[in-house]
Protein chains: 2
Amino acid sequence: MPSVTRRRSPDPARRASVEAQILAATERLLRDGASFTDLGVQRIAAEAGVARSTFYTHFSDKSQLLMRLANTMQTTAFDLVVRWQPTGQPDDPQRLIDVFREVIKLYRQHAEVLKAVNEVSSYDATVRQFWSSRLDRFLNRTAEVLVAEQEAGRTRADIDAATAARLIVLGGDRFLAHHVATDDGSGDEAAARELALTWWHGVHRRPA
Amino acid sequence: MPSVTRRRSPDPARRASVEAQILAATERLLRDGASFTDLGVQRIAAEAGVARSTFYTHFSDKSQLLMRLANTMQTTAFDLVVRWQPTGQPDDPQRLIDVFREVIKLYRQHAEVLKAVNEVSSYDATVRQFWSSRLDRFLNRTAEVLVAEQEAGRTRADIDAATAARLIVLGGDRFLAHHVATDDGSGDEAAARELALTWWHGVHRRPA
DNA sequence: CATAGTGCCGGACACTGTGTCCGGAGCAAT
DNA sequence: ATTGCTCCGGACACAGTGTCCGGCACTATG
């Protein structure tokens, strides 16, 4: 929108747009262990080296800041999961483990932002809607894959695909958020394995 | 605007301790759709027909109120799950479905309080710790059952019991909270079934 | 070189909510 | 009649939010 014109300033750090400064400052504060809810606009502005009033010329409030921050995540777990598709070959479950290994890496990269989004989603309607519409893409995708497998006769027909998809996506998300918040990395392999094999044998290849 | 109507009265209900009044009022407000975070102490006190200052003579703050509210839940999901124990008989999975049917009923009964606890846990350290210590009982119990099954040779030995327990308890909780918040009851049967059978075939009886 | 425009600063404002404090009123036991 | 208890109601200081505006530095133009 505004300022295609970059103004030069004595402070080199100032050259980056103020918005980028604020986004970076917020991420930094979160990474340092602050809870997003406890962070005041004052604190964020100070960390970004910007006046509090300037914050409000770029973001209408903290919720919008958080949503923009969430949008800075390039790769999402969705992108990773889309790549996996059951083929009926015996390496399907192994490939699923590989996918979850990558998903865990991603959760670790964005742990602070994900934590903040989960936090604010629980009491702010705007952020909750923003995030749940993202989750919906996941839910739909997962349910579609299940239905396709059912039609191919590889997954039991008596499974409620939509319900199972909710269990997989919501349950998996909560597990992953907790995992990266408490595990130092040594449990990543077990986590990827349990996630993949539980969904695989519990849903995709649930025995009769 | 505040309750001239609900002023001091010789009402018999008044005889119940003020604390009970406040607890009941809070539950009422939550049931009416208010979010606990948005509820001010003023609002709660008014609904309870009590002065705001009186609130503080009984509760140090809203967090403590919420924890006391959580403690009013008589039966917990834990109590229900403890009753289930795999026996090696063929009706094990069916009995697990029955348990989850009861668990769903319980989540529906206490939906508002559970929602409030989840909400506050995400940003208040005191409540988070209070709640996670409750969850830990679940985690331990679930892991113990898994280990016992492994020792009995009925569950695969290469499963990481602690990790699987986290997936089951945390994932299940998130799924259930979402389920009772969005489903009108018609999906309860499918939900109980998917929960039970996914954990059963995905973990307890995961095939080789 | 002068000037107009823009973006940021910094401080003031009104408002909402929190947690504390205290004088006073009703009520019961003594 | 006195004491002790609990609740009322209103005041307080404090913190945070979102808005507004005058002033200043810099930049792009005439």
Side-chain angles (χ1 to χ4, degrees), chain A residues 1-26 29 34-68 116 119-120 123-127, chain B residues 1-26 29 34-68 116 119-120 123-127:
Chain A
M1 6 224 67
S3 77
V4 181
T5 28
R6 294 279 150 91
R7 33 185 242 122
R8 223 163 44 90
S9 152
D11 188 343
R14 257 260 149 7
R15 275 198 255 178
S17 95
V18 175
E19 287 180 26
Q21 293 264 10
I22 292 176
L23 263 341
T26 307
L29 287 167
S35 118
F36 187 77
T37 305
D38 292 339
L39 278 182
V41 171
Q42 178 66 267
R43 183 78 200 289
I44 294 169
E47 176 73 20
V50 143
R52 196 174 71 95
S53 60
T54 302
F55 173 92
Y56 286 105
T57 66
H58 291 272
F59 304 94
S60 61
D61 54 22
K62 257 174 38 176
S63 296
Q64 201 174 58
L65 166 65
L66 182 57
M67 294 187 283
R68 292 230 206 141
E119 190 177 310
V120 179
Y123 59 86
D124 180 301
T126 312
V127 174
Chain B
M1 172 263 261
S3 51
V4 186
T5 33
R6 256 190 222 268
R7 276 305 308 275
R8 271 249 250 179
S9 68
D11 206 307
R14 184 96 199 133
R15 265 185 259 186
S17 93
V18 176
E19 288 180 26
Q21 292 266 7
I22 292 175
L23 263 341
T26 307
L29 289 167
S35 118
F36 187 79
T37 306
D38 292 339
L39 277 182
V41 171
Q42 178 66 267
R43 182 80 199 291
I44 293 170
E47 177 71 21
V50 143
R52 196 174 72 94
S53 59
T54 301
F55 173 92
Y56 286 105
T57 67
H58 292 272
F59 303 94
S60 61
D61 55 22
K62 261 175 32 177
S63 297
Q64 201 174 55
L65 166 63
L66 182 57
M67 293 187 285
R68 292 231 207 142
E119 190 178 311
V120 180
Y123 60 85
D124 180 301
T126 312
V127 174

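These numbers were taken from a predicted model, which means no experiment stands behind them. The chains referred to below are lettered A, B, ... by the order of the sequence lines, with proteins before strands, and numbering in each begins at 1.
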Hey, is the side chain of A:H58 poking within less than 4.0 Å of OP1 or OP2 on C:dG7, counting only N and O atoms?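 For C:dG7, OP1/OP2 do not have a side-chain N/O of A:H58 under 4.0 Å.
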Taking only side-chain N and O atoms of B:T54, does any of them lie within less than 4.0 angstrom of OP1 or OP2 on D:dC8?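 So the side chain of B:T54 is within the cut-off, an N or O lying under 4.0 Å from OP1 or OP2 of D:dC8.
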Measure the shortest side-chain to side-chain distance between [X] and [Y] over non-hydrogen atoms and say whether it is less than 4.5 angstrom.
{"X": "A:V120", "Y": "B:Y123", "value": "no"}
{"X": "A:Q42", "Y": "A:F55", "value": "no"}
{"X": "B:K62", "Y": "B:D124", "value": "no"}
{"X": "A:V41", "Y": "A:F59", "value": "no"}

Protein proximity profile, nucleotides 13-18 of chain D - base contact B, sugar-phosphate-only contact S, no contact -, cut-off 4.0 Å on heavy atoms: ----BB
How many whole angstroms separate atom CD of A:Q21 from atom P of C:dG7?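 About 17 Å, once rounded to whole Å.
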Report, as yes or no, whether the 6.0 Å neighbourhood of atom CZ on B:R43 holds more than 12 heavy atoms from other residues, nucleotides or ligands.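 12 or below, so no.
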So which atom in A:I44 and which in A:A25 form the shortest heavy-atom distance, rounded to 0.1 Å?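 Heavy atoms only, the tightest pair is O-CB, 4.2 Å.
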Out of C:dG11, C:dC8, D:dG9, whichever nucleotide has its closest atom nearest the side chain of B:A51: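 In terms of side-chain proximity for B:A51, the closest of C:dG11, C:dC8, D:dG9 is D:dG9.
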